[in-house]
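Atom set for the values below is all heavy atoms of this structure, side chains included, hydrogens, waters and symmetry mates excluded. Lettering of chains follows the sequences in order, A, B, ..., and the numbering in each one begins at 1.
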4 protein chains.
Amino acid sequence: MTPNTARRKETSRRAILTAAFDLSQEVEYAKLSIEGIAARAGVGKQTIYRWWPSKGAVLFDAFLMLSEGAEGEQPALPDTGDLEADLTAVLRATVAELNDPRYEQPMRALATEIAHDPELAAAYAERLDGPLKEAKRQRLRSAQRAGQLAEGLDLDVAVDLIWGPVLNRWLQRGAPLTTEYTDLVVTTALNGLRSRATTETAG
Amino acid sequence: MTPNTARRKETSRRAILTAAFDLSQEVEYAKLSIEGIAARAGVGKQTIYRWWPSKGAVLFDAFLMLSEGAEGEQPALPDTGDLEADLTAVLRATVAELNDPRYEQPMRALATEIAHDPELAAAYAERLDGPLKEAKRQRLRSAQRAGQLAEGLDLDVAVDLIWGPVLNRWLQRGAPLTTEYTDLVVTTALNGLRSRATTETAG
Amino acid sequence: MTPNTARRKETSRRAILTAAFDLSQEVEYAKLSIEGIAARAGVGKQTIYRWWPSKGAVLFDAFLMLSEGAEGEQPALPDTGDLEADLTAVLRATVAELNDPRYEQPMRALATEIAHDPELAAAYAERLDGPLKEAKRQRLRSAQRAGQLAEGLDLDVAVDLIWGPVLNRWLQRGAPLTTEYTDLVVTTALNGLRSRATTETAG
Amino acid sequence: MTPNTARRKETSRRAILTAAFDLSQEVEYAKLSIEGIAARAGVGKQTIYRWWPSKGAVLFDAFLMLSEGAEGEQPALPDTGDLEADLTAVLRATVAELNDPRYEQPMRALATEIAHDPELAAAYAERLDGPLKEAKRQRLRSAQRAGQLAEGLDLDVAVDLIWGPVLNRWLQRGAPLTTEYTDLVVTTALNGLRSRATTETAG
DNA sequence: TTGTAATCGAGACGGTACGTCCTGTCTTTCC
DNA sequence: GGAAAGACAGGACGTACCGTCTCGATTACAA
């Protein structure tokens with residue numbers, strides 16, 4: 001039932017993933033079709049259906065191929081010792097990527113597929129977002145060890161507190177995603193919403 | 001060119017919106033079709049195409065109808081004076097709604113339509129999310145006036161800092177959305193990530 | 001369930017039948033596809049599937065359209081009083097048609113569809129072959145009344161005895177279908193296989 | 001180019017022919033596929049494509065295998081001296097076979113392949129129908145020598161006059177194929193259509 | 001006795017067509 | 001003129017086969 005991976009044709013696999021990624025930026029999401037991907041890749045439709053369970057899974061693998069090609073396995077955030085500066089810099093890069101016409105539509109496509117497909121979401125969490133999230137946690141852990149972050153801090157929550165607002169604003173298009181906004185998110189997340197005076201004098 | 005709203009049949013309009021909402025929870029998103037909505041509503045397809053520009057717009061109006069029916073126009077967050085308790089309670093209610101099988105699929109459907117359609121996003125931001133966001137801002141403003149929140153705080157960012165992580169985790173399915181998580185988000189957002197000692201000595 | 005014939009688009013119907021007939025002579029039978037007919041006719045596939053149950057049924061209607069266009073309702077065989085001459089002439093015309101490149105492939109296509117589809121065969125027997133067969137019977141009946149044919153003769157069998165060998169040789173390609181052959185079939189069928197002497201002395 | 005027959009695997013060949021024949025009676029003609037035959041025979045598709053040029057050729061060989069297995073090489077018609085009785089008996093057996101569910105569909109399948117494939121038709125005429133037709137001619141020749149059939153009779157035409165109507169009615173499904181019909185065909189073919197009185201008095 | 005070359009089962013491949021579903025438009029008929 | 005109904009051209013779906021191809025694994029002939 002599961003096809004024999006050994007006999008798989010690597011050139012076709014790459015052609016499909018490349019076609020999927022390229023088309024997802026060229027045509028609007030609703031018109032991204034398996035038929036179109038197969039045609040662009042010069043491949044029979046069955047070759048796609050044989051190896052991937054859904055359009056979203058193809059897209060996911062396309063991103064995976066890209067990320068594997070680009071990175072030297074373990075990604076890491078910059079660590080200059082200045083956490084706020086480092087986070088600000090990273091988020092500015094993220095904003096640039098999210099607004100980059102080469103990536104925006106493909107990323108929206110993947111994000112919405114994930115929103116409707118738990119299995120795909122799990123794969124994403126594990127294989128694409130996982131390493132990235134670990135890098136983020138590492139940077140925060142480093143700052144925590146240096147006494148810059150609260151001791152009892154839940155690092156997962158901390159990561160969400162910084163990236164959650166940004167990703168949510170981007171995906172839901174509440175407002176344009178700017179570096180001013182992300183800079184402010186970093187500062188506010190680090191300092192918290194509370195009035196300093198209140199807490200400090202209370203202490 | 002624009003159809004005459006005066007002659008519009010209200011019963012058909014409501015039937016369409018009800019059918020759209022109901023179907024969006026019954027069938028998986030990919031199988032939600034205008035054809036299906038029309039059939040369920042007992043309405044000609046043209047009646048939908050005449051009044052709405054897209055499937056997402058129908059869904060949007062369906063939510064609008066629901067929200068108008070339920071609320072007395074201006075929504076407001078509870079204000080007991082204890083900000084953390086109030087936010088925690090509100091977020092717990094939000095989690096319950098996001099996880100409610102009656103709303104989860106329809107909300108995901110609307111969210112993904114928004115992610116691909118700027119016009120729809122603008123309508124959402126203005127008419128559905130707008131009043132809600134204003135209520136959130138109001139609650140924070142009240143706390144700010146009471147000296148509980150930092151003076152220079154950007155309330156839009158503050159709102160995002162609390163709701164962004166939650167909505168992002170829900171939509172991207174990074175992990176199950178629990179009240180433990182949202183409670184922690186509230187506390188962490190209010191207190192900030194930084195170590196108190198650090199900031200104080202640094203100040 | 002059954003589509004509403006009243007709203008049917010006549011131009012599409014004719015385009016489909018014309019395309020079906022034309023393609024059945026241009027491409028080899030195995031490559032005659034509904035998809036191809038729809039494309040040639042400039043029609044959606046569904047329009048074919050809506051009105052015809054099978055490829056053979058389309059082909060059948062194509063022949064029906066042709067025959068209705070050509071004939072003034074009741075076909076008749078020539079009746080000069082000389083039965084053998086009349087039959088010979090008719091069969092020569094039949095041979096010409098069966099060997100005519102415009103008709104050969106379409107007719108083979110229809111014949112083989114009939115061979116596998118009893119419903120289609122019944123429709124053929126009633127609507128296409130029926131009137132023709134009646135004309136053949138009529139001519140024989142006329143000869144019978146004139147005392148030229150045996151009194152107890154079963155006219156259905158008589159018709160088969162003349163046309164059966166011809167059609168069978170054509171369809172099964174046992175040997176080239178020539179007028180020499182059909183002339184001989186007519187003579188032999190009329191006279192019978194038996195030696196005259198034998199029967200007479202036996203009588 | 002031509003594969004080496006010496007190395008051919010006989011068990012696969014038989015499995016293929018058996019599967020082809022069996023499937024041609026089990027599934028409707030349009031669903032008879034090389035893929036299905038290979039699967040049923042437990043054979044790679046290439047093994048079929050290596051040795052046969054077409055589906056019809058496989059079917060033809062399947063019939064050939066059957067006919068060689070059953071018969072002692074030269075078939076012969078019964079010759080009791082009573083031609084009419086002998087022909088009637090043979091045709092009754094033919095009718096039984098044509099109506100036998102074990103043979104009907106396979107025979108229709110072969111017949112329609114032949115109708116579209118001249119090469120296959122030639123092979124059929126020579127190797128399958130040839131010996132049978134020779135036997136029919138032999139029986140008629142015997143009767144002719146005994147003075148029962150007209151001297152100048154063309155035996156090929158004579159054979160067609162008897163079997164043509166039967167095969168044509170069977171293949172085109174004009175009407176159910178019964179022994180009453182074939183009995184009548186034999187009698188009528190032998191006696192001819194003409195009125196005896198006419199010919200006799202004319203003589 | 002051991003290559004070595006062809007056949008074999010298996011099944012992936014680029015394609016074509018299937019028959020179904022839906023899109024967005026159009027037309028008919030009723031109200 | 002809006003509405004229900006639904007036919008229409010078109011396009012994508014996911015499946016089934018086509019005929020070709022490549023892969024080891026037999027298998028038989030020649031060295």
- Message: Between the base of E:dT7 and the side chain of D:R8, is one N or O donor paired with an acceptor at under 3.5 angstrom?
- Response: no
- Item | Smallest separation among heavy atoms of D:I16 and D:I37, with atom names | O-CG2, 3.7 Å
- Flag for B:E113-B:Y29: side-chain donor and acceptor within less than 3.5 Å: yes
- Message: I need the CZ-P distance between C:R7 and F:dA4, as an integer number of Å.
- Response: 14 Å
- D:G44 or B:G36, whichever maps to the more 5' nucleotide of DNA chain E: D:G44
- Message: If you compare every side-chain N and O of D:W51 against the phosphate oxygens of E:dC8 (OP1, OP2), does one of them come in below 4.0 Å?
- Response: yes
- Query: In whole angstroms, how far is the C1' atom of F:dT26 from the NZ atom of D:K9?
  - Reply: 8 Å
- Message: Tell me whether B:R8 forms a cation-pi arrangement with B:W52, defined as NZ or CZ under 6.0 Å from the six-membered ring centre and within 45 degrees of its axis.
- Response: yes
- CD of C:E35 versus C1' of F:dT15: gap in Å, rounded? 14 Å
- Task: May I have the distance from D:Q46 (atom CD) to E:dA12 (atom C1'), rounded to whole angstrom?
- Result: 13 Å
- How long is the line joining CD1 of B:I16 and C1' of F:dA5, in whole Å? 14 Å
- Query: For A:T11 and D:E10, take the nucleotide of DNA chain E holding the closest heavy atom to each; which residue's nucleotide lies nearer the 5' end?
  - Reply: D:E10
- From C:T112 atom OG1 to D:I114 atom CD1, the distance as rounded to the nearest 0.5 Å: 12.5 Å
- Query: Hey, does the side chain of D:S33 come within less than 4.0 Å of F:dA16's phosphate (OP1/OP2), counting only N and O?
  - Reply: no
- Here the gap from B:R127 atom CZ to B:F63 atom CZ, rounded to the nearest 0.5 Å, amounts to 15.0 Å
- Expressed in angstrom and rounded to an integer, what is the separation of D:R13 atom CZ from E:dG9 atom P? 14 Å
- Nearest-nucleotide comparison on DNA chain F, the residue closer to the 5′ end among A:K31 and D:K45: A:K31
- Query: What integer distance in Å separates C:I48:CD1 from F:dG11:P?
  - Reply: 15 Å
- Spacing between A:I37 atom CD1 and F:dC13 atom P, to the nearest angstrom: 8 Å
- Item | Residue whose closest nucleotide on DNA chain F lies nearer the 5' end, D:I34 versus C:G42 | C:G42
- Quick one: is D:S12 getting a side-chain N or O under 4.0 Å of the E:dC8 phosphate, OP1 or OP2? no
- Is the shortest side-chain N/O distance from A:R50 to OP1 or OP2 of E:dC13 below 4.0 Å? yes
- Query: Closest to the C:Y49 side chain: E:dC18, E:dT23, F:dC8?
  - Reply: E:dC18
